[in-house]
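A note on names: the letters A, B, ... follow the listed sequences, proteins ahead of strands, and every chain is numbered from 1.
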Amino acid sequence: MADPAALREEVWRVAGAVTDPEIPVLSIADLGVLREVRVADGRVEVLITPTYSGCPAMTMIALEIELALAKAGLGPAVVKTVLAPAWTTDFMSEDGRRKLKDYGIAPPAKAAGRRALFGVEVVECPQCGSSDTAEIAPFGSTSCKSLWQCKACREPFDYFKCH
Amino acid sequence: MATTSITVRETPLVCYLLRRADDALILGHRLSQWCGHAPTMEEEMALANMGLDLLGQARSLYTYAAEVEGQGRTEDDFAYLRGERSYGNLLLVEQPNGDFAQTMARQLFYSAFIDPYWRALMASPDATLSAIAAKAEKESAYHVRHCAEWLIRLGDGTAESHARAQAAVDGLWAFTGELFEVDEGEEGLIADGMVPDPGSLRAVWTATVTGVLAQATLIVPQNGWMQKGGREGRHSEHLGPLLTELQYLQRTFPGASW
């Protein structure tokens, strides 16, 4: 592919379709983890950013990107991790939020600031939609989630924490 | 034969980064030692989550230290190939887990400091430092809240939990002075506006800690004598055994990788 703009677009499409190994319904494009694709002299560089400092999925994601690009004949690519600007849940796309909810995980409240971090009072149950819910544990099965329970349908559910 | 020990090319910034990374790594390792022993399932996950946050922060700081040092090292070299005297972590974070009250008091003393510290560091003109801080501060905010809630529950709980919580606070108090210590190298970084002065956060730390202790019906220790030495590599007897465990694989099979 000679046209750098077309190559860049194609790399973005293929790399962006890689999914989060811990939340397989979300692609890294949905999550906002894919930050940039650079193409220079036929060399491809993909920049990703971690959601949490200790997110163990990053190595896996980098590997999956390399594999996906190689498979599509777009490699070899260099995948780099960048820290700035720091990821926030606001990087997550509307499509991502919808997919998260359909999967049974309550999406993060928008405009995640420090106040939202602790000010979240109303989290809708992703199963029945009720707002009558309560936090069971602030730390869940992965760094990005907390555990909640719906008082209406009694089902427990994960909430993707504001960050 | 692969090396089992490195000598770091120390500059004030490399030194600064390694000390902060060491704090996070050692405290994260302590928390990981609770795996399989926490009192409830939820707490098991909370302690592991907090440990993972700290490990992630350590990794970012070590990686940046390697970049600044420019000797082609990696984060792993700093974690696995330095001995006890080269570690510059706070004495506070290497203290044993003890009972649950001791773990939570240790966490509160550290988190109540590092949380506002990260927020202050976000203003650093160094883009990498600022980015590491921006990520870490949201994590530390959760840690403060979690250990504060526990300490209140324990202090204002039964006679047994109250006594244990007070003993934990009393026992760890002498290690809190070191949070605000800086050496000449760090003073230079502070003067250059690269990093915040920890001393400027003392009032915030004191307010958080005394606020939590008051709610927990615990007494703030009046003992003003403070132990230090960790930043210069003079550690308590507890760091050696911890590193023995943490570095076992690299010491037994130098250069081993997955």
Ignoring hydrogens, what is the shortest heavy-atom contact between [X] and [Y]? Give both atom names and the distance.
X        : Y        : result
A/Ser143 : B/Asn49  : CA-OD1, 3.1 Å
A/Trp87  : B/Lys138 : O-NZ, 3.9 Å
A/Ala86  : B/Ala134 : CB-CB, 3.7 Å

Decide if atom [atom1] of [X] counts as having more than 12 heavy atoms of other residues, nucleotides or ligands within a radius under 6.0 Å.
X        : atom1 : answer
A/Lys101 : NZ    : no
B/Gln71  : CD    : yes
B/Arg164 : CZ    : no
B/Arg9   : CZ    : no
A/Phe91  : CZ    : yes

Just give me the residue among A/Gly54, A/Ala137, A/Ser53 that pairs up with chain B most often, heavy atom to heavy atom, under 4.5 Å.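 Answer, by heavy-atom pair count under 4.5 Å with chain B: A/Ser53.
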
Options A/Pro85, A/Gly140, A/Cys55, ranked by heavy-atom pairs under 4.5 Å with chain B, top entry: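 Most pairs with chain B among the choices: A/Gly140.
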
Identify the residue among B/His146, B/Glu42, B/Met45 that makes a side-chain contact (heavy atoms from CB on, under 4.5 Å) with A/Pro138.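 Result for side-chain contact (heavy atoms from CB on, under 4.5 Å) with A/Pro138: B/His146.
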
So for A/Pro50, is it side chain, backbone, both, or neither that comes closer than 4.5 Å to the heavy atoms of chain B?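 When you check distances to chain B, atoms from both the backbone and side chain of A/Pro50 fall under 4.5 Å.
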
Name the region of A/Thr142, side chain, backbone, both or neither, that has any atom closer than 4.5 Å to a heavy atom of chain B.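 Looking at A/Thr142, just its backbone touches chain B.
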
Close side-chain approach of B/Lys135 to A/Tyr52, heavy-atom, < 4.5 Å: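 No, every pair of side-chain atoms sits at 4.5 Å or beyond.
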
Interface moiety of B/Leu52 toward chain A, non-hydrogen atoms closer than 4.5 Å: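 When you check distances to chain A, atoms from both the backbone and side chain of B/Leu52 fall under 4.5 Å.
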
Can you measure from OH (B/Tyr142) to OG (A/Ser146) and round to the nearest 0.5 angstrom?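 The OG atom of A/Ser146 is 6.5 Å from OH of B/Tyr142, to the nearest 0.5 Å.
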
